[in-house]
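Here is the structure we will look at, set down as structure tokens.
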Amino acid sequence: MTNTAQTDTIQPVVGLEIHVELATETKMFCRCRNHFGDPPNTNVCPVCLGMPGVLPVMNGRAVEFAMKVGLALNCTVPGYTKWDRKNYYYPDLPKNYQISQYDLPLAQNGFLEIPLSSGETKQIRVLRAHLEEDAGKNTHDIPGCTGVDLNRAGVPLLEIVSEPDMNSVEEVMGYAKSMHRLVRWLGVSEANMQMGHMRFEPNINLHITRGGVTYKTPIVEVKNLNSFRALENAVAFEIQRQYDEWQGNPEGFVLAKLGKQNRGYDDGTCKTVFQREKEEAHDYRYLPDPDLVPVTVSDEWRQRVAGEIGELPLARRARFMADYGLNFKDADALTQDAPTGDLLDQSVAAGAEAKRCVNLLLGRGAAVANERGCAIADIGVTVEQLAELAKMMSAGDVNATAADKIFEKLLAEGGQPRAIAEKQGLLTVKDLGQVEQWVDAAIAANPQAVEEIQSGGKKQKKAFGFLTGQVMQASKGAAPPAEVQKLLQQKLG
Amino acid sequence: MSTRIDAELVRHIGKLSRIELTDEEVSAFARQLGDVLEAFGKLQELDTQNVEPMAHAVELANVLADDAPRPSLTTEEALANAPDRVENFFRVPKVIGGGA
Ligand SMILES: [Zn+2]
């Protein structure tokens with residue numbers, strides 16, 4: 001980013017903390033349900049209410065989910081991790097401390113590869129990922145007081161902290177969306193933004209170079225962003241705001257003098273807003289939690305979890321481009337989630353041509369998925385149906401229009417593609433005598449079009465298309481278009 | 001550990017804990033907390049030069065539960081000990097802004 005008035009070079013420097021709620025059945029340290037949207041205070045017990053004398057027991061699946069994310073992010077998963085108490089006082093935190101991991105996180109020193117619009121990729125380093133418990137929820141819409149619902153208190157939360165390796169809004173969004181895709185891909189989180197399964201806290205500052213001197217603006221942490229849109233707006237706003245403020249005070253508005261600041265985000269104005277720094281807010285007095293024993297991870301355990309990860313999105317996208325000859329856009333669309341690509345892979349394994357399957361999936365399939373607001377894999381087509389339909393296309397048994405109709409029919413009612421084609425009369429007519437009859441009828445019925453074609457004027461092309469259309473209509477789409485055109489040319493040429 | 005418990009530190013801890021303390025309480029807690037620390041200070045006399053640091057007093061690791069739900073309390077039970085409630089929520093004074 002370069003300013004036009006001055007010759008300043010501005011490099012945004014952004015790190016991102018992402019909180020991901022894990023899709024376990026139960027909470028992190030008790031066996032209450034982890035379920036969004038239940039009536040207030042129905043999934044609570046003495047442990048997650050912070051009653052005295054209770055003992056938390058960790059959820060084995062949450063630990064494995066965290067390991068899985070760590071390994072997929074190319075992190076080291078150390079052989080020994082432990083639990084710590086992070087002390088602060090807030091009504092949604094019944095114990096007055098949050099169980100978290102301080103100095104020995106479950107995963108550290110990895111990276112996530114993100115796509116750039118240039119077609120290249122960039123590695124964003126991941127400093128650490130640790131497990132902790134979520135807090136409850138405060139309701140402010142009761143007059144005169146705040147209501148506290150502790151259903152969410154104790155839900156397993158994975159905090160993933162990046163290094164400040166992102167240098168533009170695009171890179172921040174690339175990282176956030178890649179992480180979103182990854183946790184869903186691994187099946188460790190639904191990552192539903194509306195349900196608050198994923199929250200962002202970016203750290204943002206600028207390195208501004210003017211006249212050979214580099215200035216660093218104060219680092220701003222924006223708290224609790226709940227959507228991609230909020231993240232994008234907040235980062236873009238901060239980059240502009242910090243540059244504006246710095247221009248007004250180039251020697252004063254700098255990190256060395258002002259340090260780190262917290263800001264909130266206003267959804268209404270899409271701006272970040274100043275937050276009064278809570279006195280001593282960061283004095284969390286971490287201490288090892290005596291209620292919980294450490295976690296030791298053996299090589300066997302680590303290898304078993306690593307073995308469950310399978311092919312990751314970027315690797316699969318590259319394979320689809322190399323093996324199936326797909327362009328970037330199509331390959332990317334088919335790797336938004338794991339099951340959609342599985343459907344393609346399995347159909348190809350069943351003998352279908354990849355390109356035909358892709359056209360079906362990204363044509364009618366994507367349209368239906370979009371209407372229903374689901375993934376392409378969830379529209380209800382089976383491997384058998386997709387493979388059979390694709391094979392019928394390759395064999396010339398149905399044309400593209402007919403295939404679309406069959407696809408739609410089988411999504412609505414189920415059934416075998418060939419049976420549907422036969423019943424609906426959608427099979428391509430290979431009987432050339434029949435096709436010739438349709439062609440002759442069209443020629444006889446449209447003397448003006450015939451005249452236009454034979455006179456060779458500028459209307460020729462349009463008239464030819466019209467006649468072809470007439471034949472296709474007469475055949476109810478069952479005539480092979482290439483044969484129709486060939487016959488028309490022979491008869492009128 | 002040679003941290004001195006003085007009035008200022010007690011007020012700081014009080015503020016972190018969101019509790020108001022009278023001057024009398026501050027001096028009483030300073031004395032009591034000082035005594036506690038002094039008792040623990042005894043441990044400092046032990047020679048731990050060749051002892052591995054440990055996170056837990058029990059030689060156990062990986063106490064993991066199955067991820068299978070068990071019954072929670074009823075909402076009435078959950079709210080029974082609450083000083084105050086509103087509908088099925090715990091009722092607290094109006095708070096503004098986010099947590100940590
Ligand atoms: Zn519970």
Side-chain angles (χ1 to χ4, degrees), chain A residues 24-26 30-33 39-46 48-49 51 57-63 80 82-83 86-94 96 98 104 135-136 138-140 142 144-150 223-224 264 275 279-281 283-285 288 290 292-296, chain B residues 1 3 5 8-21 33 36-37 40 52-100:
Chain A
T24 50
E25 289 290 316
T26 68
C30 65
R31 304 289 76 79
C32 289
R33 275 183 193 283
N41 296 308
T42 47
N43 299 326
V44 290
C45 73
C48 55
L49 289 173
M51 301 279 188
V57 183
M58 28 178 158
N59 184 331
R61 182 175 286 161
V63 173
Y80 182 92
K82 69 174 177 69
W83 303 94
K86 178 182 180 180
N87 297 277
Y88 66 92
Y89 289 72
Y90 202 69
D92 60 16
L93 190 73
N96 294 332
Q98 178 189 32
L104 297 172
N138 293 330
T139 307
H140 302 289
I142 302 168
C145 69
T146 292
V148 185
D149 169 14
L150 294 176
K223 291 293 196 180
N224 256 323
Q275 271 184 337
E279 212 176 333
E280 300 144 331
D283 193 349
Y284 290 127
R285 295 160 295 153
L292 288 157
V293 297
V295 182
T296 57
Chain B
M1 201 181 301
T3 310
I5 304 286
E8 199 188 335
L9 184 55
V10 173
R11 286 209 177 83
H12 173 70
I13 295 166
K15 203 179 266 178
L16 288 175
S17 309
R18 303 270 197 276
I19 52 176
E20 279 174 38
L21 297 172
L33 288 171
V36 172
L37 268 198
F40 275 91
E52 282 260 315
M54 64 175 187
H56 207 275
V58 187
E59 286 283 321
L60 263 181
N62 299 359
V63 178
L64 302 168
D66 284 343
D67 184 30
R70 287 214 297 262
S72 298
L73 295 177
T74 65
T75 305
E76 288 309 312
E77 286 170 325
L79 292 168
N81 286 323
D84 201 359
R85 66 185 278 185
V86 54
E87 297 162 26
N88 287 331
F89 296 97
F90 295 90
R91 179 192 167 115
V92 298
K94 197 117 195 119
V95 285
I96 297 158

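Below, chain A is the first sequence line, B the second, and so on; all start at residue 1. From a predicted model like this one, the values you see are computed outputs, not experimental measurements.
When each of A:L292, A:V63, A:L104 is scored by its heavy-atom pairs under 4.5 Å with chain B, the top score falls to A:L292. When A:M58, A:Q98, A:K82 are compared by the number of non-hydrogen pairs under 4.5 Å with chain B, A:M58 comes out ahead. With respect to chain A, the highest number of heavy-atom pairs below 4.5 Å among B:V63, B:T74, B:V86 belongs to B:V63.
Nearest heavy-atom pair, A:C145 versus B:R91, reported as atom, atom and distance to 0.1 Å: SG-CG, 3.8 Å. Of all non-hydrogen atoms in B:K94 and A:T146, the two that sit nearest each other are CA-OG1, 3.4 Å. Heavy atoms only, all atoms of each residue included: B:A78 and A:N41 are closest at CB-O, 4.5 Å. Nearest heavy atom pair, residue A:D283 against residue B:H12, reads OD2-NE2, 2.8 Å. For the pair B:S72 and A:T42, the tightest heavy-atom approach, listed with the atom from each and the gap, is CB-O, 3.6 Å. Shown here for B:L64 and A:V57, the closest heavy-atom pair between the two residues is C-CG1, 4.4 Å.
Between A:V44 and B:F90 there is no side-chain heavy-atom pair separated by less than 4.5 Å. With contacts defined as side-chain heavy-atom distances shorter than 4.5 Å, the pair B:V92/A:N138 does not qualify. In this structure, the side chains of B:P69 and A:T26 come closer than 4.5 Å at one or more pairs of heavy atoms. A heavy-atom distance below 4.5 Å is not found between the side chains of A:V293 and B:N62.
Going from atom CD1 of B:I13 over to atom CG of A:N87 covers 11.0 Å, rounded to the nearest 0.5 Å. The structure places NZ of B:K15 at 15.0 Å from OH of A:Y89, a figure rounded to the nearest 0.5 Å. For the atom pair CD (B:E87) and CG (A:D149), the distance works out to 11.5 Å, reported to the nearest 0.5 Å. The distance from atom CG of A:N43 to atom CG of B:L73, rounded to the nearest 0.5 Å, is 11.0 Å.
Contacts between B:A68 and chain A at a heavy-atom distance below 4.5 Å involve the backbone alone (N, CA, C, O). Interface remark: A:P290 contributes backbone atoms only to the contact with chain B (heavy atom separation under 4.5 Å). The contact between A:N59 and chain B is made by backbone and side chain atoms together, counting heavy-atom distances below 4.5 Å. Proximity to chain A is limited to the backbone of B:D66, based on heavy atoms less than 4.5 angstrom apart. With a threshold of 4.5 angstrom between heavy atoms, A:P39 does not approach chain B through any atom at all. Interface remark: A:L93 contributes no atoms to any contact with chain B (heavy atom separation under 4.5 Å). Both the backbone and the side chain of A:I142 come within contact range of chain B, each with at least one heavy atom under 4.5 Å from a heavy atom of that chain. For chain A, no part of B:D84 is nearby; none of its heavy atoms comes within less than 4.5 Å.
Heavy atoms from other residues, nucleotides or ligands lying under 6.0 Å from CZ of A:R31 number more than 12.
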